[in-house]
**Student:** 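Just passing along the structure, written as structure tokens.
For reference, positions follow the sequence shown, starting with 1. As the structure is a prediction and not an experimental result, all values here were calculated from the model.
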Amino acid sequence: MQEQDNQTPVIDGDTVHTDTSVATETAALNKAESAALNKAESAEAVTEEISTTDTVADPEPEPIAAEPEIERESMEFDVIIVGGGPAGLSAAIRLRQLALEAGNDEFMVCVVEKGSEFGAHTLSGAVIEPRALNELIPDWKDKGAPLNVPAIEDRFYYLNSATRSTKVPDPLIPAPMHNNGNYIVSLGNVVRWLAVQAEELEVMMFPGFPAADILYNDDGSVRGILTGDMGVAANGEAKSSFEPGYELLAKYTIFAEGSRGHLGKRLISRFGLDKDSDPQHYGIGLKELWEVNPEKHEQGVVMHGLGWPLTETGSTGGWWLYFDENNQVSFGLVADLSYHNPYMSPFDEMQRLKTHPVIKNVLEGGKRISYGARALTKGGLNSLPKFTFPGGVLVGDDAGFLNPAKIKGTHTSMKSGMLAAEAIFEALQANRQHDEVVAYSTMYKESWLYQDNYESRNFSPAIHRMGLFMGGAFTFIEHNLLKGKMPFTLHDNLPDYDQLERANHAYQPTYPKPDGKLIFDKLSSVFVSNTNHAEDQPVHLKLTDPTVPVSINLPLYAEPARLYCPAGVYEVVKDAQGAKFVINAQNCVHCKTCDIKDPSQNITWVTPEGGGGPNYPNM
């Protein structure tokens, strides 16, 4: 049995080169909003129905079309891992370590990765805490792990305005923000190195093979996954190059897709894994890699900051500058997707942030090398779903183990993968399969990972509910004075997608025009992300109702997809016939923001053909 999304076709999937601006004059919006509100009850009912869970409504899964029947090859493994990031590769390495220690060289582990290579889709700041790596591969230094730049100094700034800033004294910086003992890295290169370690342990590695669907046993337990078909035309017909996907079957399946995994989302909904959790919360992380002038480079310095420009739109988040090796600097912004203003554009906020002297003085005169964007799961412990179900588990950002107070998820993702591997191997040693590996949850509660999550459980709800200053003060008291032992727990029960205000009430920020030197546009940024998708394939951004963007989202929220998307995928084009919603799927960098933030929960991201998307170098 295979689970499929029940989706209507996407309209206007071809790339359109046109003026993407949308008229936002008050009179035009009022007229459009009035028309929408004339049917407000039905519109709100649609929105409410779609938005009751953090997934797109999918009441009755449809089977794959059987005309004609597609013959698929099947392969069987002990464990299949979906996703070749830090969590998935750590699980694979740990499983093979345990198997070899037990004298079972025949133990078969498979990792499928949708990117063209391991690390191609990996994007992070990144400052890595090596705790989990020390446990997984104690001799990582001897094995040449690319952790070459120890963090030597922390600097924290509050940007008061477009020109003013305050450097926060070290004693006032929340304890989780200190980075003594950590390393500045390219996480993509760390993942590539982990992939080599997995290969040396004879893990079967399949880059360019996206997991498109979940396979179930008759009793409802997970049986494995179906990889995506190759060579399917945009109209759904097989091309001459058609190759059917494979059925990959396993005794247990580990889902390690990263933030907002499209299969993990289905599993959470199908098994009700989040019924006892707060809604999950997310941020969008945007990163640029720069080569700066040597006289401006301070290898090992870690800079973080808050404040302007996000404060102008009442948004929360923060920025970073990490001074890596070879005169390279990682610069980026994380914007919480709980923001309220529909005119807020995370990409453009990042661009104008570079005009602030604190940032500009470092980057000016340098060269931008690469760009990328990715959602991160940041709800923390309160939003963590149950992560075990019959036949499988969730690990890493697919569940949400990131520590939001530290802004770090690599060590937590790796540890979750290791714990899942140990629990699953124990079950297999007892000749079990396809059942629920509850020992994973027990091991988590008894590990440092749980303590790491527990101490930061209040960070996200404090910032979301109290704002930047009061939330920051709360965080300082909790971590610096009470050492993470606040005697109560805060909750944030409003989903990110349900927080936008109406467009005609919102402030419209002014963003700087691109100059091609410091400030860039979305399309040139997508170009340096090396993003590409095979031509003539089905659009992988599905609309549950194709009328919603123009009939509901445009009049009420000025269609925020055109702004929150960091890659120019979505446009509203107006002509004599009216407004049209256009999806430029070729531009998609797989950040998943649309799947998360769409106020009508009308967009579902599914995996495109294998190997598509960004190819991040050194990110």
**Student:** Can a donor-acceptor pair be found, under 3.5 Å and without considering hydrogens, that links the side chain of Ser524 to the backbone of Phe520?
**Tutor:** no
**Student:** Can you find a heavy atom in the side chain of Phe459 that is under 4.5 Å from one in the side chain of Lys406?
**Tutor:** no
**Student:** With respect to Asp496, which candidate in Gln280, His281, Lys597 satisfies the side chain to side chain donor-acceptor pair (under 3.5 Å) definition?
**Tutor:** His281
**Student:** Begin with the C-alpha distance, continue with both residues' side-chain angles, and end with the deciding distance and a verdict on side-chain contact (heavy atoms from CB on, under 4.5 Å) for His297 and Val329.
**Tutor:** CA-CA 8 Å; His297 192 261; Val329 172; 3.9 Å; yes
**Student:** Nearest 0.5 angstrom please: Ile359 CD1 to Arg352 CZ, how far?
**Tutor:** 14.0 Å
**Student:** Might you point out which heavy atoms bring Val334 and Leu376 nearest each other, and give the distance in Å?
**Tutor:** CG1-CD2, 4.0 Å
**Student:** Using the side chain to side chain contact (heavy atoms under 4.5 Å, CB included) criterion, which residues pair with Phe527? Sequence neighbours excluded.
**Tutor:** none
**Student:** Is there a donor-acceptor contact under 3.5 Å from the side chain of Glu571 to the main chain of Val573?
**Tutor:** no
**Student:** What I'd like to find out is whether the side chain of Ile268 reaches to under 4.5 Å of the side chain of Leu394, using heavy atoms alone.
**Tutor:** yes
**Student:** For residues Ser277 and Asp274, is any side-chain donor paired with an opposing acceptor at under 3.5 Å?
**Tutor:** no
**Student:** Looking at Asn382 and Asp492, would you say the former's side chain and the latter's main chain have a donor-acceptor pair under 3.5 Å?
**Tutor:** no
**Student:** For the backbone of Thr313 and the side chain of His340, can you confirm whether one donor and one acceptor N or O come within less than 3.5 Å of each other?
**Tutor:** no
**Student:** Quick one: does Ser416's side chain have a donor or acceptor within less than 3.5 Å of a partner on Gly396's backbone?
**Tutor:** yes
**Student:** Evaluate side-chain contact (heavy atoms from CB on, under 4.5 Å) for Lys408 paired with Asn179, printing each intermediate quantity in order.
**Tutor:** CA-CA 11 Å; Lys408 290 179 178 62; Asn179 287 286; 2.7 Å; yes
**Student:** So which heavy atom on Ala534 is nearest to which on Glu609, and how close?
**Tutor:** CB-OE2, 3.7 Å
**Student:** Side chains of Leu337 and Thr593, heavy atoms from C-beta outward: is any pair under 4.5 Å?
**Tutor:** yes
**Student:** Measure the shortest side-chain to side-chain distance between Tyr511 and Tyr343 over non-hydrogen atoms and say whether it is less than 4.5 angstrom.
**Tutor:** no
**Student:** On a heavy-atom basis, which atom in Glu364 and which in Asn293 lie closest, and how many Å separate them?
**Tutor:** O-ND2, 4.1 Å
**Student:** Look up atom NE2 in His411 and atom CG in Leu402, then write down how far apart they are to the nearest 0.5 Å.
**Tutor:** 8.5 Å
**Student:** As an exercise, state the distance from CG of Leu333 to NZ of Lys354, rounded to the nearest 0.5 Å.
**Tutor:** 11.0 Å
**Student:** Closest approach of Pro404 and Ser456, non-hydrogen atoms and distance?
**Tutor:** CG-O, 4.2 Å
**Student:** Grab the two heavy atoms, one from Ser370 and one from Pro617, that are nearest each other, plus how far apart they are.
**Tutor:** OG-CD, 3.7 Å
**Student:** If you look at every heavy atom in Val572 and Arg562, which pair is closest and at what distance?
**Tutor:** CG2-CD, 4.5 Å
**Student:** Among all residues two or more places apart in sequence or in another chain, which pass the side chain to side chain contact (heavy atoms under 4.5 Å, CB included) test with Ser186?
**Tutor:** Asn189, Asn618
**Student:** Side-chain contact, heavy-atom cut-off 4.5 Å: Leu500 with Tyr339?
**Tutor:** yes
**Student:** Could you tell me which residues satisfy salt bridge (Lys or Arg N to Asp or Glu O under 4.0 Å) with Asp336, sequence neighbours excluded, listed by chain and number?
**Tutor:** Lys378
**Student:** Does Thr604 reach the side chain of Arg266, with side-chain heavy atoms less than 4.5 Å apart?
**Tutor:** no
**Student:** Looking only at atom types and distance, does a side-chain atom of His533 sit under 3.5 Å from a main-chain N or O of Asn587, one as donor and one as acceptor?
**Tutor:** no
**Student:** When you check the side-chain N and O atoms of Asp598 and Ser600, is any donor under 3.5 Å from an acceptor?
**Tutor:** no
**Student:** How far does NZ of Lys517 sit from NZ of Lys367, to the nearest 0.5 angstrom?
**Tutor:** 14.5 Å
**Student:** Less than 3.5 Å apart, any donor N or O on the side chain of Gln586 or Asn532 sitting next to an acceptor on the other?
**Tutor:** yes
**Student:** Output, in order, the C-alpha distance, side-chain angles, deciding distance and verdict of ring pair (Phe, Tyr, Trp, His ring centres under 6.0 Å) for Phe581 and Tyr570.
**Tutor:** CA-CA 7 Å; Phe581 189 62; Tyr570 300 103; 5.6 Å; yes
**Student:** Within the structure provided, determine whether Lys287 and Tyr616 are in side-chain contact (heavy-atom separation under 4.5 Å).
**Tutor:** no
**Student:** Restricting to side-chain hydrogen bond (donor to acceptor under 3.5 Å, both in side chains), what partner residues turn up for Ser259, sequence neighbours left out?
**Tutor:** Thr377
**Student:** Using a 3.5 Å distance criterion without hydrogens, assess whether the side chain of Asn182 forms a donor-acceptor pair with backbone atoms of Ala151.
**Tutor:** no
**Student:** Between Glu257 and Lys114, does any side-chain N to carboxylate O distance fall below 4.0 Å?
**Tutor:** no
**Student:** Return the set of residues passing ring pair (Phe, Tyr, Trp, His ring centres under 6.0 Å) with Phe209 (not counting sequence neighbours), or none when no residue passes.
**Tutor:** Phe206
**Student:** Taking only residues two or more places apart in sequence or in another chain, which ones pass side chain to side chain contact (heavy atoms under 4.5 Å, CB included) with Thr311?
**Tutor:** Tyr158, Trp308, Leu468
**Student:** Indicate yes or no for a side-chain donor-acceptor contact from Gln351 to the backbone of Pro514 under 3.5 Å, with no hydrogens or angles considered.
**Tutor:** no
**Student:** Going by the angle between their ring planes, with limits at 30° and 60°, are Trp605 and His590 parallel, tilted or perpendicular?
**Tutor:** perpendicular
**Student:** Run the side-chain contact (heavy atoms from CB on, under 4.5 Å) test on Phe156 and Leu306 for me, step by step, so that the C-alpha distance in whole Å, both residues' side-chain angles and the decisive distance to 0.1 Å come before the verdict.
**Tutor:** CA-CA 8 Å; Phe156 199 95; Leu306 302 170; 3.8 Å; yes
**Student:** Can you tell me if Lys592 uses its side chain to pair, donor with acceptor, with the backbone of Ala375 under 3.5 Å?
**Tutor:** no
**Student:** The test is side-chain contact (heavy atoms from CB on, under 4.5 Å); show your working for Leu543 and Ile583 and say whether it passes.
**Tutor:** CA-CA 10 Å; Leu543 301 182; Ile583 300 177; 4.2 Å; yes
**Student:** Is Asp575 reaching over with its side chain to a backbone N or O of Gly578, donor-acceptor style, under 3.5 angstrom?
**Tutor:** yes
**Student:** Thr412 and Asn403: side-chain donor and acceptor closer than 3.5 Å?
**Tutor:** no
**Student:** Do Val149 and Tyr322 make a side-chain contact, defined as non-hydrogen atoms from C-beta onward lying under 4.5 Å apart?
**Tutor:** no
**Student:** At what distance, to the nearest 0.5 angstrom, does CD of Glu312 lie from CG of Leu310?
**Tutor:** 9.5 Å
**Student:** Any luck finding a side-chain donor-acceptor pair between Arg368 and Ser525 under 3.5 Å?
**Tutor:** yes
**Student:** Let me confirm one number: the NZ-OG1 distance from Lys360 to Thr355, rounded to the nearest 0.5 Å.
**Tutor:** 7.5 Å
